[in-house]
Amino acid sequence: MKLNSDIEAVGDINNDPILLSVGAVTGEVSLRITKKVQCHPIYKQVAASLDSDKVFFYFQRSIAGEIKPYIEQMFVLSRYYKTYGDKKFGKMGVRIPSFGIFSLLKEIWPEGEIPLYQSLRVELMNRRYRSMRSMGKRLLVRWNRFWNSYSFENISKKDMKIAVHFAEGIDLKKKSDIVWLPNSGIDYKHILVYFDQRNVLGKPIPDYVIKELDGMGIQWVAIEKGMIRGREYDYWEPPRTPAPKWLRALKARASDPVGKWILWYARKLQREVYFWKSFYQTFNVKILFLPNEENPEIIAQGIAFDIMGEEGGFVIGKQRSDVTRDPLSMLAGVHTKDIIFTWNCGAAKYFKREYNHTQAQVVTGHPNDLNFFNPNEYLESVRKQFFERGVKFIIALFDNVFFPKLRDSYDVESFYGGFLNWALEDNTIGIVIKPKKLWMLDLLPKILTLIDRAKATGRCILLDNEIGFLPADAAKIADMAVGTKISSAVTEAVLAGCRGIHYSESLPRWNEYYKWGYEKLVFDDLDRMIDAMKRYKEDPASYQDLGNWTPYLSLLDPFRDGKAGERMGHYLHQCLVGFEQGLCRDDVLTCANNSYAERWGKDKVVDMRKYY
């Protein structure tokens, strides 16, 4: 299923792992559809009214979200035909709606691929769902507004703010939204933490978080109902205002299905932009720090700053995963923040047009490196128990997201099965399992049985608190870390000092790691990988290159000093100082870039404005 001959852009779709294939095709198809949508007069009016280059990416991510379920269905059928042929049920296709942008999807879909059928039934179901969802949201907003008892008047409006989305938490011993705050020179009165449902703790926010923030002197605000225990209706919302005239005027002009679809998303975008513009102005926010990725609302948050002109600020984020594993089109619209803190210099191509729109890439090193070298008492006790049971070689296992209906679920099952059976046969093997999502193991009942058997030996542990442990924690007690696909967890383990191997049965040959060390750092054959590890276990000197990233560590993270947070804090502080001095956005960015380059090196800042 190859839509582009440029291997560098989309990878080899026929040979990529399933997750990359679905993501790459979704990314490229959504880009093609968005370029067609760009030519529509309704879109042109929306783009002219909001006047931000990020509008394109908002629509692209929205399109990607709509078409992805159908792309997944196509891959299910494609795998089915590849395995069983079309003799049993004939050549089936995928039913897609007949409204909105789906006519454009059918228009660009290559002949000879899985056929697409536009279905009135699917259309009616989707329209009914949308209508009920929109009506439900409107009623809920009105109800909540009636009871809203907002009382955050104690928040200072005078001091310029860095607003921080509470997503990963504030515990500096784990992944933290404020890892950059200590030693940054930023007065805590400039920090405003806001709560919504998109966080690791759910709702309501635990009392200890509120007390900890209060104790630190950090201000906070809820922006959704029910976030604060005992104060469910105590949250901020913007004042009511009618839709702008330009948006109301579009209703009469939107007569065709694509135009109506654009109008629906234009209304959604306008509501989000208005919300965040009001939030910035109410609390004097100049910097919005987000660990999140991919959600179209993040793009709306940036557009809100853009339409404020020189009164606006920056959306700033951090690289969360090892992007070298991904085809460029898979990341289209994912990194649209103004400034991104990255692990290394090699990620610059991922933040350029046409795939993203970032103004500066600042190399800080891995954001969690503060905890790479701190011992974890619990896991140290686990290692001691393993050794008491005769363990001589400990393996940390990291899985990845997989599609249950597709072949890669069998890849994960084989991966776990190979190592767990080895551990059951060899009493000197210890296993530490750090799943990406614990619930996904429930989809592998055979593996759960094997895990229970391995745990019964006292030489296997499942880290079932996925929030409480970093991959680096598991790697601290391991002799070798192994992950499925190109695993960000393995890269983190390597940076924390462990040997590491990526395992991908369908490895993209263009991947840089493949070039660095095929069957040393990356394997595409499970049996050969386990055999290599057995040889290394018995005689490390015979296979010294296995999992040894030493020649490439500087390319993964040029610092590796546990001070990534400090560097992020330095940059954020310089941005805040620039805004306080009354500089325009361009000058703030230039001054922050220059200050960082002077301290950490000119090669550690990539000013992306030169590409636009």
Item to check | Evaluation steps, side chain to side chain contact (heavy atoms under 4.5 Å, CB included), between Met216 and Ile178 | outcome: CA-CA 12 Å; Met216 298 168 69; Ile178 57 171; 3.9 Å; yes

Next on the checklist: Applying side chain to side chain contact (heavy atoms under 4.5 Å, CB included) to Met568 and Val179, what does each step give before you reach the verdict?
Outcome noted: CA-CA 9 Å; Met568 293 161 65; Val179 65; 4.2 Å; yes

Item to check | Aromatic ring pairing Trp516/Trp549, orientation class (parallel under 30°, perpendicular over 60°, tilted between) | outcome: perpendicular

Checklist entry - Does a side-chain heavy-atom distance below 4.5 Å link Leu470 with Lys175? => result yes

Item to check | Test item: Asp338 side-chain N/O and Ile316 main-chain N/O as donor-acceptor pair under 3.5 Å | outcome: no

Checklist entry - Short question: side chain of Thr358, backbone of Ala360 - any donor-acceptor pair under 3.5 Å? => result no

Next on the checklist: To check you understand the geometry: which heavy-atom pair defines the closest contact between Ile477 and Leu379, and what is its length?
Outcome noted: CG2-O, 3.5 Å

Checklist entry - Hey, are Asp322 and Trp343 close enough side-chain-wise for a donor-acceptor pair under 3.5 Å? => result no

Item to check | Expected output: side-chain Thr449 to main-chain Pro445 donor-acceptor under 3.5 Å | outcome: yes

Item to check | Aromatic plane relationship, Tyr571 with Tyr596 - under 30° parallel, 30 to 60° tilted, over 60° perpendicular | outcome: perpendicular

Checklist entry - Looking only at side chains, do Asp196 and His165 share a donor and an acceptor under 3.5 Å apart? => result yes

Next on the checklist: When you measure from the centre of the six-membered ring of Phe559, is the NZ or CZ of Arg567 closer than 6.0 Å and no more than 45° off the axis?
Outcome noted: yes

Item to check | Pair Phe195 + Phe166: ring centers closer than 6.0 Å | outcome: yes

Checklist entry - Looking at Lys537 and Asp426, does any basic side-chain N land under 4.0 Å from a carboxylate oxygen? => result yes

Checklist outcome for this item: Closest non-hydrogen atoms of Leu546 and Ala532, given as atom of the first, atom of the second and distance, are CD2-O, 3.6 Å

Item to check | Test side chain to side chain contact (heavy atoms under 4.5 Å, CB included) applied to Cys345 and Val606, step by step | outcome: CA-CA 8 Å; Cys345 304; Val606 182; 5.9 Å; no

Next on the checklist: Quick check: do Asp524 and Tyr503 have side-chain heavy atoms less than 4.5 Å from each other?
Outcome noted: no

Item to check | Side-chain heavy atoms of Lys174 within contact of Asn371, under 4.5 Å | outcome: no

Item to check | Test log, rule side chain to side chain contact (heavy atoms under 4.5 Å, CB included), inputs Asp561 and Phe373 | outcome: CA-CA 9 Å; Asp561 58 0; Phe373 312 108; over 6 Å; no

Checklist entry - Between NZ of Lys337 and CD of Gln359, what distance do you get to the nearest 0.5 Å? => result 14.0 Å

Item to check | Worked verdict on Glu492 versus Lys434 for salt bridge (charged side-chain N to carboxylate O under 4.0 Å, His left out) | outcome: CA-CA 13 Å; Glu492 181 175 320; Lys434 171 68 172 69; over 6 Å; no

Checklist entry - Do His502 and Phe523 make the cut of ring centroids closer than 6.0 angstrom? => result no

Checklist entry - What closest approach, in Å, do Ala472 and Ala496 show between heavy atoms, and which atom pair accounts for it? => result CB-CB, 3.7 Å

Next on the checklist: Nearest 0.5 Å, please: how far is CG in Asp171 from OG in Ser176?
Outcome noted: 7.0 Å

Item to check | Polar side-chain atom of Asp557 near backbone of Arg560 as donor-acceptor pair, under 3.5 Å | outcome: yes

Next on the checklist: Any salt bridge linking Glu566 with Arg599? Criterion: basic side-chain nitrogen under 4.0 Å from a carboxylate oxygen.
Outcome noted: yes

Item to check | pair Lys563-Asp369: side-chain heavy atoms closer than 4.5 Å | outcome: no

Checklist entry - Do the non-hydrogen side-chain atoms of Ser542 and Tyr536 ever get within less than 4.5 Å of each other? => result no

Item to check | From CD (Gln574) to CG (Asn593), nearest 0.5 Å | outcome: 11.0 Å

Checklist outcome for this item: For Ser321 and Gln319, the nearest pair of non-hydrogen atoms, with its separation, is O-NE2, 2.9 Å

Item to check | Atom pair CG (Asp399) and OH (Tyr416), whose distance is rounded to the nearest 0.5 Å | outcome: 3.5 Å

Checklist entry - Would you find a donor on one side and an acceptor on the other, under 3.5 Å apart, between the side chain of Arg459 and the backbone of Ile429? => result yes

Checklist entry - Short question: side chain of Asn400, backbone of Lys485 - any donor-acceptor pair under 3.5 Å? => result no

Checklist entry - Could Glu168 and Arg320 be called an ion pair, given the rule that one side-chain N must be under 4.0 Å from one carboxylate O? => result yes

Next on the checklist: Quick check for you: to the nearest 0.5 Å, what is the distance between Ile67 atom CD1 and Thr26 atom OG1?
Outcome noted: 5.5 Å

Item to check | Within-4.5 Å side-chain heavy-atom neighbours: Thr428 and Val391 | outcome: no

Checklist entry - Can you name the nearest heavy-atom pair linking Tyr208 to Leu201, along with the distance? => result OH-CD1, 4.0 Å

Checklist entry - Can Arg528 and Glu519 be said to form a salt bridge (charged side-chain N to carboxylate O under 4.0 Å, His left out), step by step? => result CA-CA 8 Å; Arg528 289 177 65 84; Glu519 295 203 335; 2.7 Å; yes

Item to check | Nearest atoms (heavy-atom pairs only) where Ala481 meets Cys498 | outcome: N-SG, 3.7 Å

Checklist entry - Nearest 0.5 Å, what's the CH2-CD1 distance between Trp220 and Ile210? => result 4.5 Å

Item to check | SB check Arg229 Asp207 (cutoff 4.0 Å) | outcome: yes

Checklist entry - Would the number of heavy atoms belonging to other residues, nucleotides or ligands and lying under 6.0 Å from NZ of Lys520 be above 12? => result no

Next on the checklist: Is it true that, when you exclude Tyr378 itself, more than 12 heavy atoms of the residues, nucleotides or ligands shown sit nearer than 6.0 Å to its OH?
Outcome noted: no

Checklist entry - Judged by modelled atom types alone, do Lys318 and Thr364 share a side-chain donor-acceptor pair under 3.5 Å? => result no

Next on the checklist: Looking at Val193, is its backbone amide N or carbonyl O close enough to the side chain of Gln219 to form a donor-acceptor pair, meaning the two atoms are under 3.5 Å apart?
Outcome noted: no

Next on the checklist: In the structure I gave you, are the side-chain heavy atoms of Phe419 and Ile395 within less than 4.5 Å of one another anywhere?
Outcome noted: yes

Next on the checklist: Between Arg383 and Glu388, does any side-chain N to carboxylate O distance fall below 4.0 Å?
Outcome noted: no

Checklist entry - Does any non-hydrogen side-chain atom of Ile501 lie less than 4.5 Å from one of Leu521? => result no

